[in-house]
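Read the numbers this way: they start at 1 and go in the same order the structure lists the ligands and their atoms. Just so it is clear, the structure is predicted and the values come from calculations on it, not from any experiment.
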Amino acid sequence: MPLAACPTPPMGWNSWNAFRTRIDEQQIVSMADVIVSTGLRDAGYQYLVVDDGWQAPRRSSGGNLQPDPARFGQGIDWLADQVHQRGLKLGMYLAPGRATCAMIYDAYPGEGLGSFGHEADDLAAYGEWGVDYLKYDWCEACRDDTGLSYRGAFEKMGQLIADSPREFVYSISEYGRTNPWEWAPGLANLWRTTPDIDPSFSSVRGIADAQRGLERWSRPGAWNDPDMLQVGNPGLTLAECRAHLGLWALLAAPLMAGNDIRTMNRSVAQVLTNPRLVAIDQDPLGRQGRRIQREFRFDVWLRELSGGQVAVGVLGSGERASEPTTQPLRVQVGDGLVRVDNGTENVIEIGHDGPVTEVWSGEATSEVVIGARDLALFTIG
Ligand code: GLA
């Protein structure tokens with residue numbers, strides 16, 4: 001009971017990609033309002049995760065973590081109430097060593113903000129405050145004579161969650177260094193598979209490619225996590241955002257929006273909330289898709305869905321990163337067939353029983369033309 005079920009990949013919003021440690025309670029509450037007003041909540045984005053950077057620089061004299069008094073002055077229990085009142089759930093960040101990643105990499109001021117030696121107290125505080133989701137992030141936790149091993153550190157917190165009176169989604173992050181897919185299913189609900197994403201198409205595509213072979217480990221309740229979304233952040237075009245989100249849906253990835261949703265434009269909101277896209281990601285069969293073909297100018301991805309359907313993605317990759325504007329790629333569609341013919345090489349055909357629906361528009365179509373760094377996405381069946 002204390003480890004959440006997560007029958008489909010968790011969806012929500014996380015503060016890190018857009019704000020790093022520039023966070024405060026009013027801003028987080030305004031995010032909660034916007035998750036509701038933009039339709040993100042109703043589309044399925046229900047976890048609002050406050051990442052690293054919420055802590056006061058020191059623990060209390062009793063050893064407890066405290067929220068930064070200037071930025072989170074009303075307390076995390078207050079924040080949890082605000083989030084719950086809006087029909088959302090609250091996620092929060094901890095790290096198992098002596099320091100958090102922001103202390104190590106972002107010069108975040110503080111001492112002893114890691115949970116080493118305080119694991120039980122920190123989790124108990126989260127439970128009392130009403131936190132629903134724990135992101136537990138390695139951050140070189142073996143430094144400073146902790147004696148921690150990757151797996152040992154995550155198992156220790158996992159046991160505390162298993163014994164906790166409150167249910168938690170348990171999200172672990174050691175960047176795929178120790179093949180967590182082999183040991184984390186059953187212990188955690190999601191585990192990072194790769195280093196941190198950045199808002200560039202090469203990062204997105206590189207991370208998607210690195211999921212190769214991991215598809216067999218993911219299942220309902222236990223998900224490979226290729227990291228949070230950069231959709232809507234400067235650095236990605238709208239087509240690249242579509243490709244990023246589409247790939248994540250094909251991968252049955254957790255969908256944690258990571259942009260400033262208060263200022264996002266309508267097109268970005270429409271990409272994030274597209275119901276057919278979300279339905280692929282959240283398909284109840286929970287089977288992760290994979291890249292089935294790599295050609296000179298495109299990749300083909302396939303995901304098996306429930307009800308005998310499949311999702312097919314054709315990613316225009318471009319010859320080289322330095323030459324993003326190549327000839328458009330024509331993807332032809334017939335009954336039960338997606339066909340890519342770029343004129344210079346083999347024709348690739350993906351056949352499956354049933355009608356083809358173009359996912360972004362929801363319509364039947366006979367041809368989709370995409371540029372490099374865009375994704376044509378279909379369901380068949
Ligand atoms: C690591 C994680 C990120 C984020 C930061 C916070 O880099 O991989 O997702 O949580 O730490 O400091």
Atom pair CD/CG of Glu240 and Asp374 - distance to nearest 0.5 Å: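 Separation between the atoms: 9.0 Å.
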Verify whether the ring centers belonging to Trp138 and Tyr150 lie closer than 6.0 Å. yes
What does the list of residues with a heavy atom under 4.0 Å from ligand 1 look like, ordered by chain and number?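 Its neighbours under 4.0 Å (heavy atoms only) are Trp16, Asp51, Asp52, Tyr93, Cys101, Ala102, Lys135, Asp137, Ser173, Tyr175, Arg192, Asp196, Met228, given by chain and number.
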I'd like to know if [X] and [Y] make a salt bridge, using a cut-off of under 4.0 Å between side-chain N and carboxylate O.
X      : Y      : answer
Arg166 : Asp132 : yes
Arg192 : Glu174 : no
Asp106 : Arg22  : no

Which residue pairs satisfy the ring-ring contact (aromatic ring centres under 6.0 Å, His included) criterion with at least one member in residues 82-101, sequence neighbours excluded?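 Matches after skipping sequence neighbours: none remain.
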